[in-house]
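Residue numbers begin at 1 in each chain, while the letters A, B, ... track the order of the sequences.
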Amino acid sequence: MCANGDTMKPIVTRFPPSPTGFLHIGGARTALFNWLYARKTGGKFILRIEDTDEARSTKDSVDAILEALQWLGIDWDEGPYFQTERKEIYSRYIEKLVETGHAYYCSCTPDEVNTMREAARAKGLKPMYNGRCREQGLAWADNTVVRLKTPVTGVTVVEDIVKGDTAFQNAEMDDFIIQRSDGSAMYNLAVVVDDLTMGINTIIRGDDHLINTPKQILIYRALGADLPAFGHVPMVLGPDKARLSKRHGAMSVDEYRKMGYLPDAVINYLVRLGWSHGDQEFFTRMDLIEKFDLEHLGRSASMFDMEKMTALNAKHIQAKEPGALAPFVLPHLQDLGIDACDDTFTSKVIETLQPRSKTLVEMAAAARFYYVDEPELDEKAAAKFLTSEAAAMLIQAADDIEALPEFTQAALEDVFTKIMADSGLGFGKIAQPLRVAVTGTTVSPGIFEMLLALGKDKTVQRIRRAVAWIQNQ
RNA sequence: GGUCCCAUCGUCUAGUGGUUAGGACGCCGGCCUCUCACGCCGGUAACCCGGGUUCGAAUCCCGGUGGGAUCACCA
């Protein structure tokens with residue numbers, strides 16, 4: 001909450017992706033910070049598509065970004081707005097800036113400006129536009145740009161929520177272009193006008209924007225507008241400490257969905273990467289909304305660690321109710337050609353797999369044997385455990401289980417106790433052949449929970465099939 | 001190179017002048033045990049360096065070093 005005298009102004013945040021690709025992990029994190037802060041304070045979260053680079057922007061990217069946000073459960077209260085649809089608004093503000101003397105037309109060509117830069121560089125100075133048209137009072141003409149008249153002296157201070165106060169010498173800033181010669185607005189102008197007109201008062205973004213901020217502040221001032229609060233969060237780095245990029249592997253949020261990560265886990269991990277709440281590592285979505293704050297945002301860059309995210313994913317898989325997990329598992333089962341239409345059965349299956357699945361892809365693969373009619377026998381497992389010595393025990397197991405009036409854990413325990421007594425075998429000697437008979441492999445959930453989930457008929461049927469297999473050897 | 005930001009175990013981090021520097025991931029042991037896991041117990045491992053300030057610095061200041069960002073008629 002932001003108390004401002006006697007008026008309470010709601011927090012308004014935004015996420016402004018460029019639709020030039022998929023929503024990547026780093027972008028998702030900034031979106032998350034803004035979204036959480038808005039939700040936490042009961043404010044508003046606005047989505048804006050910065051598509052003014054029409055050559056690189058695509059509709060497919062817009063769709064991909066929206067879908068990724070939806071999958072993560074990040075919803076927006078306004079938008080998506082598109083900058084390409086707001087060109088007249090920018091023009092109006094640029095005109096106003098020229099009229100009030102805060103900006104001017106400049107007829108210098110790019111070549112001429114380059115020459116100025118080189119001249120400055122030759123003198124050991126910072127390469128900048130030299131302000132030649134600044135006091136000319138030029139009118140609009142073809143190939144004319146608009147530049148902001150920036151202060152020549154003094155400092156512009158960014159009061160940053162996460163970095164603290166940062167001062168920039170105005171002498172370091174040249175009269176930068178706010179409108180191109182084709183009449184379109186430049187990034188810094190468009191952003192400020194958008195944020196201003198959309199009522200955005202809190203801007204959390206990557207610290208690669210920190211250097212843009214004094215320029216934007218100058219525009220706010222020229223417009224006579226109040227400044228929003230800025231918070232620049234550090235970048236996310238790859239394992240080689242370089243800024244996260246394609247070559248670091250899975251970058252897009254969508255890839256994590258495909259690899260079997262839960263949106264809650266992705267959110268949990270991303271937020272923890274650069275924000276903390278004491279020693280707490282596991283957060284539900286509600287936890288996050290309740291506990292997120294700007295005070296505990298980290299100031300140093302962090303490396304993306306997929307192993308830790310995977311560990312967190314495992315925890316979220318365990319924490320969910322089987323029924324709630326099912327909708328997330330189903331698509332992965334479908335990828336394996338499994339049509340799991342029986343919800344009760346699937347919930348039971350999931351429950352047995354929860355403690356032993358790090359991803360939903362793993363879970364689906366491990367669940368496969370439950371659904372197929374005849375699980376394929378692993379060669380080595382069958383050779384080792386489905387032996388002629390095991391046959392008698394398996395036959396007895398099939399017979400006794402089939403005769404069971406109630407298919408319960410207690411009843412199964414009785415069956416195995418009896419087999420152990422009759423055969424003199426230990427439980428392990430019985431369980432492994434049985435496991436191979438029923439699942440085809442040596443690895444599965446615990447015998448009882450697994451058989452119980454599978455059901456009596458399938459259990460008996462599979463044991464008998466294994467016996468037949470032994471007899472055919 | 002100029003400007004700006006950053007600096008605690010390998011990684012993510014807690015810490016806001018006095019702690020045996022805590023937690024998590026990973027790794028290594030052990031327990032549990034019908035396999036694999038889960039879980040539990042224990043261990044490994046850090047305050048970048050140098051100066052100050054202070055009775056006392058991971059914490060404050062300065063310098064160095066290292067890493068990152070940015071220097072467009074891109075966003």
Side-chain angles (χ1 to χ4, degrees), chain A residues 16-20 50-53 55-57 83 106 108-110 113-114 117 121 124-129 143-147 158 160 162-164 166-169 172-174 176-188 190-191 206-214 232 234-235 237 239 241-243 269 272-282 296 298-312 314-315 318 352-358 362 366 381 385 416 426-436 439 441-448 450:
Chain A
S18 294
T20 55
E50 305 206 329
D51 55 351
T52 54
D53 186 349
R56 292 195 302 152
S57 299
Q83 289 192 320
C106 167
C108 298
T109 65
V113 175
N114 277 336
R117 291 208 178 95
R121 210 192 304 265
L125 299 172
K126 182 170 175 143
M128 299 196 307
Y129 170 69
N143 296 322
T144 239
V145 299
V146 177
R147 289 179 183 275
V158 179
D160 196 273
V162 347
K163 306 277 189 187
T166 305
F168 294 85
Q169 294 295 326
E172 294 282 331
M173 264 180 283
D174 64 1
F176 58 92
I177 295 175
I178 56 177
Q179 184 180 65
R180 300 186 187 87
S181 52
D182 67 1
S184 62
M186 286 284 284
Y187 170 73
N188 283 122
V191 167
D207 67 7
D208 49 336
H209 285 282
L210 186 55
I211 289 185
N212 279 325
T213 308
H232 289 92
M235 307 268 82
L237 274 27
K241 294 199 169 191
R243 187 177 175 171
Y269 179 71
R272 270 292 286 116
L273 201 60
W275 176 81
S276 60
H277 184 75
D279 282 342
Q280 188 173 348
E281 297 284 350
F282 182 92
H296 295 85
R299 282 173 299 168
S300 53
S302 42
M303 283 172 32
F304 185 80
D305 179 4
M306 216 167 123
E307 285 199 87
K308 184 152 184 178
M309 185 162 105
T310 304
L312 219 34
K315 291 221 189 298
Q318 284 187 61
T352 68
L353 263 12
Q354 274 175 297
R356 62 202 92 226
S357 307
K358 289 192 190 308
E362 263 182 40
F385 294 105
F416 292 132
F427 189 69
K429 295 288 183 193
I430 295 173
Q432 265 323 65
L434 206 60
R435 170 172 284 116
V436 175
T439 72
T441 72
T442 55
V443 177
S444 87
I447 283 289
F448 295 111
M450 187 257 293

- [ ] For Gln354(A) and A37(B), give me the distance from atom CD to atom C1', rounded to whole Å.
- [x] 13 Å
- [ ] Can you measure from OG1 (Thr213(A)) to NZ (Lys163(A)) and round to the nearest 0.5 angstrom?
- [x] 11.0 Å
- [ ] Check every strand shown and say whether Asp51(A) touches a base, only sugar-phosphate, or nothing at a heavy-atom separation below 4.0 Å.
- [x] nothing
Task: Partner nucleotide of G1(B) by Watson-Crick or wobble geometry (both distances under 3.5 Å) - done: C71(B)
Open item on the list: Can you work out whether Ser181(A) or Pro355(A) has the more 5'-proximal nearest nucleotide on RNA chain B?
Closed with: Pro355(A)
Task: Sugar-phosphate only, base, or nothing, as touched by Gly124(A) at under 4.0 Å among non-hydrogen atoms - done: nothing
Task: Protein-nucleotide distance (Trp275(A), atom CH2; U13(B), atom P), rounded to Å - done: 12 Å
Task: Note, Glu50(A) side chain near Val191(A) side chain (heavy atom, < 4.5 Å) - done: yes
Open item on the list: Less than 4.0 angstrom between a side-chain N/O of Thr52(A) and OP1 or OP2 of A75(B), yes or no?
Closed with: yes
- [ ] Give a yes or no on this: more than 12 heavy atoms of other residues, nucleotides or ligands lie within 6.0 Å of atom CZ of Arg299(A).
- [x] no
Open item on the list: Looking at C36(B), which nucleotide sits across from it as a Watson-Crick or G-U wobble partner, both distances under 3.5 angstrom, or is there none?
Closed with: none
- [ ] With the side chain counted from C-beta on, respond yes when Tyr269(A) and Asp305(A) share a heavy-atom pair under 4.5 Å apart, and no when they do not.
- [x] yes
TODO: Measure from the side chain of Asp53(A), starting at C-beta and using heavy atoms only, and say which of A75(B), C12(B), C4(B) lies closest.
DONE: A75(B)
Open item on the list: Classify Ser444(A) by what it touches in the nucleic acid, base, sugar-phosphate, or nothing, heavy-atom distance under 4.0 Å.
Closed with: base
Task: Closest to the Glu281(A) side chain, choosing from C73(B), A24(B), C4(B) - done: A24(B)
Open item on the list: Please classify the nucleic acid contact of Cys108(A) as base, sugar-phosphate, or nothing, using heavy-atom distances under 4.0 Å.
Closed with: base
Open item on the list: Using the side-chain heavy atoms of Ile211(A), tell me which of these nucleotides is nearest: U3(B), A14(B), C34(B).
Closed with: U3(B)
- [ ] Go through the side-chain N and O atoms of Thr439(A) and Arg435(A) and say whether any donor and acceptor fall under 3.5 Å apart.
- [x] no
- [ ] For A37(B) versus C49(B), give the span between their C1' atoms, rounded off to a whole number of Å.
- [x] 46 Å
Open item on the list: Is there a side-chain contact between Thr352(A) and Met450(A) in this structure, where contact means two heavy atoms from C-beta onward sitting under 4.5 Å apart?
Closed with: no
Task: Pairwise P distance for C27(B) and U33(B), with rounding to whole Å - done: 24 Å
Task: Complementary nucleotide for U11(B) - Watson-Crick or wobble, under 3.5 Å - done: A24(B)
- [ ] With heavy atoms under 4.0 Å as the rule, sort Gly446(A) into base, sugar-phosphate or nothing.
- [x] base
TODO: Taking only the side-chain nitrogens and oxygens of Lys315(A), find out if one of them lies under 4.0 Å from OP1 or OP2 of G39(B).
DONE: yes
Open item on the list: Tell me if the side-chain of Asn188(A) makes a donor-acceptor pair with the base of A75(B), cut-off 3.5 Å, by modelled atom types.
Closed with: no
- [ ] Scan every strand shown for a Watson-Crick or G-U wobble partner of G63(B), both distances under 3.5 Å, and answer none if you come up empty.
- [x] C49(B)
Open item on the list: Suppose we define a pair by two distances each less than 3.5 Å, Watson-Crick or G-U wobble; what does U19(B) pair with here?
Closed with: none
TODO: Would you indicate what Pro445(A) reaches in the nucleic acid, counting non-hydrogen atoms under 4.0 angstrom: base, sugar-phosphate, or nothing?
DONE: base
Open item on the list: Measuring from the side chain of Arg180(A) (C-beta onward, heavy atoms only), which nucleotide among A75(B), C6(B), A37(B) has the closest atom?
Closed with: A75(B)
- [ ] Please figure out whether Gln169(A) or Ala301(A) has its closest RNA chain B nucleotide nearer the 5' end.
- [x] Gln169(A)
- [ ] Would you mind classifying the nucleic acid contact of Arg435(A) as base, sugar-phosphate or nothing, using non-hydrogen atoms under 4.0 angstrom?
- [x] base
- [ ] Just call it for Glu50(A): base, sugar-phosphate, or nothing, with non-hydrogen atoms closer than 4.0 Å on any strand.
- [x] sugar-phosphate
Open item on the list: For Phe176(A) together with Tyr129(A), are the ring centres under 6.0 Å from each other?
Closed with: no
Open item on the list: Under 4.0 Å, heavy atoms only, any strand: does Lys126(A) hit a base, just the sugar-phosphate, or nothing?
Closed with: base
Task: Distance, P atom - from C55(B) to C47(B), rounded to whole angstrom - done: 27 Å
- [ ] Answer with base, sugar-phosphate or nothing: what part of the nucleic acid does Pro234(A) contact at a heavy-atom distance below 4.0 Å?
- [x] nothing
- [ ] Measure from the side-chain heavy atoms of Lys308(A) and tell me the nearest of A24(B), U3(B), C73(B).
- [x] A24(B)
Open item on the list: Categorize Gln318(A) for me: base, sugar-phosphate, or nothing, with a 4.0 angstrom heavy-atom threshold over every strand shown.
Closed with: sugar-phosphate
- [ ] Tell me whether the OP1 or OP2 atom of C73(B) has a side-chain N or O from Arg117(A) closer than 4.0 Å.
- [x] yes
- [ ] Report which part of the nucleic acid Phe168(A) touches: base, sugar-phosphate, or nothing (heavy-atom distance under 4.0 Å, all strands).
- [x] sugar-phosphate
TODO: Please work out if Thr442(A) contacts a base, only the sugar-phosphate, or nothing of the nucleic acid, heavy-atom cut-off 4.0 Å.
DONE: base
Open item on the list: Check the phosphate of U13(B) against Ser302(A), side-chain N and O only, distance under 4.0 Å to OP1 or OP2. Yes or no?
Closed with: yes
Open item on the list: Does U13(B) have its OP1 or OP2 closer than 4.0 Å to a side-chain nitrogen or oxygen of Arg299(A)?
Closed with: no
TODO: Name the nucleic acid region contacted by Ile447(A), choosing base, sugar-phosphate or nothing; use a 4.0 angstrom heavy-atom cut-off, strictly under.
DONE: base
Task: Contact check, side chains of Thr109(A) and Asn143(A), non-hydrogen atoms, under 4.5 Å - done: no
